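Below is one structure; the comments refer to it alone.
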Amino acid sequence: MAEEKSLNFLEEIIENDLKSGRYRSIVTRFPPEPNGYLHMGHATSICLNFGLTKKYGGYTNLRFDDTNPTTEETEFVQSIKDDVRWLGFEWKNELYASDYFEELYLFAIKLIRKGCAYVDDSDSETIAAEKGTPTQAGVNSKFRDRSVEENLQLFEDMKAGKFKDGERVLRAKIDMAHPNMLMRDPLMYRIKHAHHHRTGDKWCIYPMYDFAHGQSDSIEHITHSICTLEFVPHRELYDWFIEQLDIFPSHQYEFARRNLSYTVMSKRKLLQLVNEKHVEGWDDPRMPTISAFRRRGYTAAAIRDFCDRVGIAKRENVADLSLLEFCVREDLNKIALRRMVVFDPLKIVLTNYTNENELVSVEDNPEDTNGGFRDVPFSKELYIEQEDFIENPPKKFFRLFPGGMVRLKGAYIIKCDEVIKDDTGKIIQLNCSYIPESKSGNDTSNIKVKGTLHWVSVEHAVTAEVRLYDRLFKAEDPSNEEGNFKDYINEDSLQIISTVYGEPALKNAVAEERYQFLRKGYFTLDKDSSEEKMIFNRTVTLKDTWAREVKKV
RNA sequence: UGCCUGAUAGUAUAAGGGUAGUACGUCAGAUUUUGGUUCUGAAUGUCUUGGUUCGAAUCCAGGUCGGGCAACCA
């Protein structure tokens with residue numbers, strides 16, 4: 001009997017709502033602002049919102065929170081849709097806060113009529129000053145007590161474009177002494193003579209987040225409006241507008257934003273990394289954006305699994321990058337095709353080898369019992385990794401050394417007989433002998449070796465470029481370190497090896513397919529690849545217990 | 001000297017008055033034609049002080065520490 005997975009606090013709320021009959025099914029929404037690319041934090045929100053309706057019945061809308069025309073662009077709308085789809089979720093309706101501009105405008109008029117809103121002529125400095133501070137009450141604006149008629153007229157003039165940016169705002173009339181600063185006559189509308197990515201030049205007044213989000217939720221009958229912790233103080237305002245307007249009572253629930261170790265997650269900081277060219281773009285594989293993870297070779301399943309395993313709660317957190325890496329390795333181990341690729345070649349010559357055109361058969365994926373095999377050409381001259389040979393090996397080193405034996409994966413056991421160096425003492429070639437009766441699958445040699453190496457035939461090798469990525473930051477939580485987060489950028493986060501040597505099957509690599517370069521890590525073809533040149537991104541390394549062993553010394 | 005909010009192994013998350021559990025990470029071992037995978041085992045935790053109770057991570061009171069709130073951003 002499988003243990004029942006415990007519920008997170010939102011699932012509990014929903015189950016109670018369903019049980020009590022408050023709702024028969026639920027509606028959630030994912031509400032990104034189209035002013036940047038989605039990142040891992042959004043992935044958590046996406047998995048949460050879509051996951052909840054999948055689990056409990058109902059649906060999820062995709063709603064773009066596009067109330068600020070000066071920062072928002074269609075480019076981002078497209079990338080967001082791509083990312084949500086790629087993550088494996090389908091929204092019920094594609095919506096925009098701008099779809100509701102007319103309705104929102106009517107809501108504003110309703111509040112003016114009720115005496116709950118007024119037009120303020122003060123400039124932003126004055127309004128800010130009059131707002132007071134967290135420990136000090138604000139004071140009323142001198143425009144606070146205008147008549148309903150005057151307010152109506154002024155608001156219409158605002159809409160009609162009779163004022164310049166910043167000359168007037170519409171504010172809710174609540175309480176300038178309220179302990180919650182958001183309740184001190186918050187702005188509802190501001191004037192922006194700006195082109196909107198969807199409504200064009202139709203409007204020159206735009207609703208503020210607080211006057212758009214809750215009402216949009218309400219219009220869509222969102223039952224559970226889930227957002228991050230920084231909006232907790234907004235909930236009071238959210239409820240106030242809904243109550244004053246007497247519209248469908250959506251409810252807001254807050255959870256803690258998801259952070260990831262060794263990176264930053266705020267859009268502002270990510271934008272800086274892009275603009276200041278610390279990375280190549282939003283989908284630079286070192287970025288924590290969804291498009292970057294995709295390009296790097298992460299699978300949607302792995303990301304979903306990660307979000308699932310981390311869970312959600314209400315306390316601030318920094319999730320371990322190693323958990324994400326575990327999730328992607330676990331998925332990739334099952335699906336990646338194995339290939340042999342030598343990064344840093346050391347030539348070996350099998351002095352006693354005389355066969356011609358020999359092929360050895362190697363499994364594509366040992367985890368897959370139905371998996372296929374491929375033929376790999378074997379020959380007298382092979383490449384192995386430089387690091388797989390040490391002249392004076394440390395203890396527990398079971399790769400190749402003078403007089404030592406190793407198996408070449410899928411082929412024969414070889415013995416190192418002679419080390420050849422150039423004038424500078426650099427090792428340039430190994431002369432080895434192979435054990436003919438040790439062929440894989442047909443081994444009658446009775447020789448036991450500890451090490452198995454990957455290799456490629458010199459004559460048959462195909463070349464490619466590999467890009468090896470490391471964490472973008474040296475600090476676990478760069479935002480919380482002393483000084484600027486950029487001081488902690490890892491200068492070695494990208495290592496390019498322009499020529500590596502792969503077995504011929506590598507030539508058939510296709511986009512989207514995942515590969516495990518034996519003993520090297522998981523790789524996928526990068527979009528920069530061309531007919532002439534294959535470029536592979538390292539998605540993640542293999543777990544390397546030997547590297548850890550070496551480090552200990 | 002305001003308001004809101006949070007605190008469980010290194011990290012993340014359970015336990016909702018009754019054995020503090022799970023995952024990742026760490027360490028040790030077994031298996032292995034990838035030093036991968038798989039398997040086994042171990043170490044490590046309830047912010048603090050009181051109170052209620054047969055019994056408290058859980059309820060109550062005080063304290064400590066962290067986060068958010070003074071954008072015509074979302």
Side-chain angles (χ1 to χ4, degrees), chain A residues 3 5-8 12 31-33 35 65-68 70-72 120 123-124 127-129 131-138 165-171 178-184 187-192 206 208-210 212-213 227 229-236 254 256 258 261 267-268 306 309-327 329-330 333-334 338 340 362-363 366-367 396-399 406-411 413 438 440-441 443 449-454 476 516-521 541-550:
Chain A
E3 191 109 334
K5 212 188 161 219
S6 55
L7 303 177
N8 65 47
E12 279 181 23
E33 183 189 9
N35 68 345
D65 233 328
D66 56 351
T67 56
N68 186 357
T70 52
T71 57
E72 294 151 6
D120 195 332
D123 58 33
S124 66
I127 291 177
K131 229 164 213 179
T133 69
T135 54
Q136 199 182 333
D165 287 9
E167 279 186 353
R168 299 283 191 291
V169 290
L170 182 71
R171 302 177 69 179
H178 201 287
N180 180 354
M181 294 205 59
L182 286 156
M183 299 296 277
R184 322 241 261 229
L187 272 60
M188 293 164 58
Y189 269 92
R190 75 294 213 186
I191 299 171
K192 273 179 191 276
Y206 292 94
M208 299 287 291
Y209 167 85
D210 283 307
H213 200 99
C227 62
L229 248 28
E230 70 267 29
F231 291 99
V232 169
H234 292 249
R235 191 175 59 228
E236 197 172 5
E254 311 86 9
R258 174 73 51 221
S261 59
K267 260 193 225 174
R268 207 194 87 247
F306 170 73
R309 285 173 186 262
V310 181
I312 67 148
K314 298 183 81 153
R315 79 176 129 149
E316 288 107 36
N317 59 79
V318 183
D320 241 324
L321 178 64
S322 56
L323 177 60
L324 212 211
E325 294 186 333
F326 167 84
C327 291
R329 284 190 188 110
E330 187 175 60
N333 180 48
K334 287 181 298 195
R338 271 54 172 178
M340 293 195 286
V362 187
E363 70 245 314
E367 302 300 311
K396 291 202 267 186
F397 180 85
F398 42 86
R399 276 115 96 148
V406 292
R407 172 172 297 279
L408 296 178
K409 174 70 184 179
I413 291 173
S438 68
S440 280
D443 185 355
V449 292
K450 294 270 290 236
T452 300
L453 309 184
H454 63 282
E476 239 185 271
Q516 186 198 102
F517 292 176
L518 233 58
R519 307 206 298 140
K520 286 298 194 185
T541 61
L542 255 28
K543 220 168 100 185
D544 192 347
T545 45
W546 171 243
R548 217 185 313 152
E549 194 71 31
V550 170

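Quick caveat: nothing in here was measured; it's all calculated off a predicted structure. Note on naming: letters A, B, ... go to the chains in the order of the sequence lines (proteins, then strands), and numbering restarts at 1 for each one.
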**Message:** Please compare A:Asp320 and A:Thr70 by the position of their nearest nucleotide in RNA chain B and report the one closer to 5'.
**Reply:** A:Asp320
**Request:** Indicate for each nucleotide in nucleotides 1-6 of chain B, in 5' to 3' sequence, whether protein heavy atoms under 4.0 Å reach the base (B), only the sugar-phosphate (S), or nothing (-).
**Result:** -BSS-S
**Item:** Letter per nucleotide, 5' to 3', of nucleotides 29-41 of chain B [B base touched, S only sugar-phosphate touched, - untouched; heavy atoms, 4.0 Å]
**Value:** ----BBBBS----
**Request:** Can you tell me, in whole Å, how much space there is between the C1' of B:G2 and that of B:G25?
**Result:** 42 Å
**Message:** Categorize A:Asn35 for me: base, sugar-phosphate, or nothing, with a 4.0 angstrom heavy-atom threshold over every strand shown.
**Reply:** nothing
**Prompt:** When you compare B:A57 with B:G17, how far apart are their P atoms, in angstrom units rounded to a whole number?
**Reply:** 13 Å
**Prompt:** Counting side-chain heavy atoms from C-beta on, which of B:A71, B:A74, B:A12 comes nearest to A:Asn68?
**Reply:** B:A74
**Asked** What is the distance from atom CZ of A:Arg519 to atom CG of A:Leu542, rounded to the nearest 0.5 Å?
**Response** 10.0 Å
**Prompt:** Nearest-Å distance, CZ (A:Arg171) to P (B:A71)?
**Reply:** 12 Å
**Prompt:** Nearest 0.5 Å, what's the OG1-CZ distance between A:Thr541 and A:Arg329?
**Reply:** 4.5 Å
**Request:** Taking atom P in both B:G35 and B:G18, compute the distance separating them and give it to the nearest angstrom.
**Result:** 49 Å
**Item:** B:U44 versus B:C24 - spacing of their C1' atoms, nearest Å
**Value:** 14 Å
**Prompt:** Rounded to whole angstroms, how far apart are CZ on A:Phe306 and P on B:G25?
**Reply:** 13 Å
**Request:** Quickly work out the A:Glu230 CD to B:G68 C1' distance and round it to whole Å.
**Result:** 8 Å
**Request:** For A:Leu324 and B:U11, give me the distance from atom CG to atom C1', rounded to whole Å.
**Result:** 13 Å
**Asked** In whole Å, what separates the C1' atom of B:G50 from that of B:G16?
**Response** 23 Å
**Prompt:** Using the P atom in both, what is the distance from B:A56 to B:A70, to the nearest Å?
**Reply:** 43 Å
**Message:** Classify A:Thr71 by what it touches in the nucleic acid, base, sugar-phosphate, or nothing, heavy-atom distance under 4.0 Å.
**Reply:** nothing
**Request:** Measure the shortest side-chain to side-chain distance between A:Leu182 and A:Glu236 over non-hydrogen atoms and say whether it is less than 4.5 angstrom.
**Result:** no
**Message:** Does the plane of the ring in A:His234 sit parallel, tilted or perpendicular to the ring in A:Tyr209? Use 30° and 60° as the thresholds.
**Reply:** perpendicular
**Prompt:** Between A:Arg258 (CZ) and B:U11 (P), how many Å, whole number?
**Reply:** 14 Å
**Sugar-phosphate only, base, or nothing, as touched by A:His234 at under 4.0 Å among non-hydrogen atoms** = base
**Prompt:** Rounding to the closest angstrom, what is the interatomic distance between B:A7 and B:U48 at atom C1'?
**Reply:** 11 Å
**Asked** How about A:Asn317 and A:Arg258: do any of their side-chain heavy atoms sit closer than 4.5 Å?
**Response** yes
**Asked** Rounding to the closest angstrom, what is the interatomic distance between B:A12 and B:U52 at atom P?
**Response** 35 Å
**Message:** Whether the side chain of A:Glu254 and the base of B:G68 hold a donor-acceptor pair under 3.5 Å is what I'd like checked.
**Reply:** no
**Fill in**
Rounded to whole Å, the CD-C1' distance (A:Glu476 to B:A12) equals 12 Å
For nucleotides 43-46 of chain B, print each protein N/O atom paired with a nucleotide N/O atom at under 3.5 Å, atom names and distance only.
none

**Request:** Please state how far atom OH in A:Tyr206 lies from atom C1' in B:A74, giving the value in whole angstrom units.
**Result:** 16 Å
**Asked** To the nearest angstrom, how far is A:Asn317 atom CG from B:C24 atom C1'?
**Response** 14 Å
**Message:** What contact category does A:Ser124 fall into here, base, sugar-phosphate, or nothing, at under 4.0 angstrom with non-hydrogen atoms?
**Reply:** base
**Touch class at under 4.0 angstrom, heavy-atom based, for A:Tyr189 against every strand present** = nothing
